[in-house]
Enquirer: 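My structure is below; once you've seen it, I'll send some questions.
Every heavy atom of this structure was used, including side-chain atoms; hydrogens, water molecules and symmetry mates were not. Keep in mind that what you see is a predicted model, and the values were worked out from it rather than measured.
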Amino acid sequence: MSTTFVASVSIDARKVADQIVTAIEGGSGYWMNSFKPEGEITTKVSPWYDDENIWSGEFKIRVEVDGEDEPKFLTPESIRNGLNWLAQKHAWRIDQIVNESGDAETADVFIQVCLFGDIVYG
């Protein structure tokens, strides 16, 4: 019989913001057409999606995907689900996020699993 051990790691809103900035500005442009908040977002940070306070609270971000009729939505729940997916299937990506050693591909994978529940593109 094999034994399974569960480990957890906390990923703060700053690290989430870093992944989103990198995805929008470099990693996901080949499939993402737009990334816009539903409702009003108040921030003095530019660009708005670099404000970690946004990712610390409630949010709903509408994401238009190339070739899809229906938008996807990024929410706190979808981020939790995406991080759990990465922890289970690509734990080394979690390590990259935590240790800030990832790149545009890491951010692209992060946002894909948060939106689609899997790696859909490349």
Side-chain angles (χ1 to χ4, degrees):
M1 176 196 290
S2 73
T3 302
T4 301
F5 298 94
V6 177
S8 65
V9 63
S10 294
I11 296 176
D12 64 26
R14 177 70 261 152
K15 291 188 186 330
V16 168
D18 290 344
Q19 294 307 301
I20 289 170
V21 168
T22 304
I24 291 170
E25 295 182 359
S28 303
Y30 66 101
W31 60 265
M32 185 187 309
N33 290 335
S34 71
F35 190 88
K36 297 178 183 173
E38 291 275 297
E40 189 168 328
I41 288 188
T42 304
T43 181
K44 293 182 181 187
V45 176
S46 181
W48 65 267
Y49 46 84
D50 191 26
D51 187 344
E52 65 192 78
N53 292 318
I54 291 169
W55 311 113
S56 296
E58 289 299 314
F59 56 85
K60 185 174 183 182
I61 309 299
R62 180 186 181 102
V63 181
E64 300 287 339
V65 178
D66 190 35
E68 291 196 18
D69 295 331
E70 295 296 318
K72 300 291 182 192
F73 292 94
L74 190 65
T75 64
E77 180 181 7
S78 70
I79 288 181
R80 279 190 295 276
N81 292 342
L83 289 170
N84 285 330
W85 188 96
L86 285 173
Q88 292 172 10
K89 299 188 181 206
H90 292 272
W92 60 281
R93 293 287 188 189
I94 294 290
D95 181 63
Q96 289 180 322
I97 293 168
V98 169
N99 294 312
E100 300 176 359
S101 62
D103 56 14
E105 182 178 312
T106 305
D108 184 33
V109 166
F110 165 79
I111 205 155
Q112 284 188 52
V113 300
C114 290
L115 290 171
F116 305 115
D118 203 349
I119 301 169
V120 176
Y121 299 100

Enquirer: With rounding to the nearest 0.5 angstrom, report the OG1 to CD1 distance, T42 to I54.
Expert: 9.0 Å
Enquirer: Which heavy atom of I11 sits nearest a heavy atom of V16, and at what distance?
Expert: CG2-CG2, 4.2 Å
Enquirer: To the nearest 0.5 Å, what is the distance between SG (C114) and CD1 (I61)?
Expert: 12.0 Å
Enquirer: Determine whether I41 and Y49 satisfy the following criterion, side chain to side chain contact (heavy atoms under 4.5 Å, CB included), listing intermediate values before the conclusion.
Expert: CA-CA 10 Å; I41 288 188; Y49 46 84; over 6 Å; no
Enquirer: According to a 4.5 Å side-chain heavy-atom criterion applied to Ile, Leu, Val, Met, Phe, Trp and Tyr, with indirect links allowed, do W92 and I119 form part of one hydrophobic cluster?
Expert: no
Enquirer: Taking the side chain as every heavy atom from C-beta outward, state whether P47 and E25 have any atom pair closer than 4.5 Å.
Expert: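 In short, these two side chains touch, coming nearer than 4.5 Å.
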Enquirer: Considering only heavy atoms from C-beta outward, does the side chain of L86 approach that of I97 to under 4.5 Å?
Expert: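 In short, these two side chains touch, coming nearer than 4.5 Å.
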Enquirer: Are V63 and V21 grouped together when hydrophobic residues (ILVMFWY) are joined by side-chain heavy atoms under 4.5 angstrom apart?
Expert: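 Shared cluster, yes.
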Enquirer: Check whether any side-chain N or O of S28 sits under 3.5 Å from a backbone N or O of I24 as a donor-acceptor pair, and report yes or no.
Expert: no
Enquirer: Once rounded to the nearest 0.5 Å, what's the spacing between atom NZ of K60 and atom CD of E77?
Expert: 11.5 Å
Enquirer: Assign the ring pair Y121 / W31 to parallel, tilted or perpendicular, where the plane angle (0 to 90°) is split at 30° and 60°.
Expert: parallel
Enquirer: Identify whether F116 and M32 are in the same connected component of the hydrophobic contact network (ILVMFWY, side-chain heavy atoms under 4.5 Å).
Expert: yes
Enquirer: Which residues pass the side chain to side chain contact (heavy atoms under 4.5 Å, CB included) test with S46, sequence neighbours left out?
Expert: none
Enquirer: Verify side chain to side chain contact (heavy atoms under 4.5 Å, CB included) between R14 and D50, making sure each step is shown before the conclusion.
Expert: CA-CA 8 Å; R14 177 70 261 152; D50 191 26; 2.4 Å; yes
Enquirer: Could you tell me if the side chain of S34 sits less than 4.5 Å from the side chain of R62, heavy atoms only?
Expert: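 Contact flag for R62/S34 side chains = no.
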Enquirer: For Q112 and D108: C-alpha separation, side-chain torsions, deciding distance, then whether side-chain hydrogen bond (donor to acceptor under 3.5 Å, both in side chains) applies.
Expert: CA-CA 6 Å; Q112 284 188 52; D108 184 33; 3.0 Å; yes
Enquirer: Which heavy atom of A107 sits nearest a heavy atom of A23, and at what distance?
Expert: CB-N, 3.5 Å
Enquirer: State which residue, out of H90, Q19, Q96, fulfils the side chain to side chain donor-acceptor pair (under 3.5 Å) condition with T106.
Expert: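 Single pass found, and it is Q96.
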Enquirer: Hey, could you give me the CD/CG distance between E52 and D18, rounded to the nearest 0.5 Å?
Expert: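 If I round to the nearest 0.5 Å, the distance is 8.5 Å.
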Enquirer: Atom CH2 of W48 and atom CD1 of I20: how far apart are they, to the nearest 0.5 Å?
Expert: 8.0 Å
Enquirer: Before you tell me yes or no, could you show the steps for T22 and F110 under side chain to side chain contact (heavy atoms under 4.5 Å, CB included), namely the whole-Å CA-CA distance, both residues' side-chain angles and the distance that decides it to 0.1 Å?
Expert: CA-CA 10 Å; T22 304; F110 165 79; over 6 Å; no
Enquirer: Could you walk me through whether Y30 and D66 pass the side chain to side chain contact (heavy atoms under 4.5 Å, CB included) test, one step at a time?
Expert: CA-CA 8 Å; Y30 66 101; D66 190 35; over 6 Å; no
Enquirer: Is it possible for you to say whether I79 and V120 belong to one hydrophobic cluster, with membership spreading through side-chain heavy-atom contacts below 4.5 Å?
Expert: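 Yes.
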Enquirer: So if you build clusters from Ile, Leu, Val, Met, Phe, Trp, Tyr with side-chain heavy-atom gaps below 4.5 Å, do V45 and W55 land together?
Expert: no
Enquirer: Closest heavy-atom contact between A104 and G26?
Expert: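 Of all heavy-atom pairs spanning A104 and G26, the closest is CB-C, 4.2 Å.
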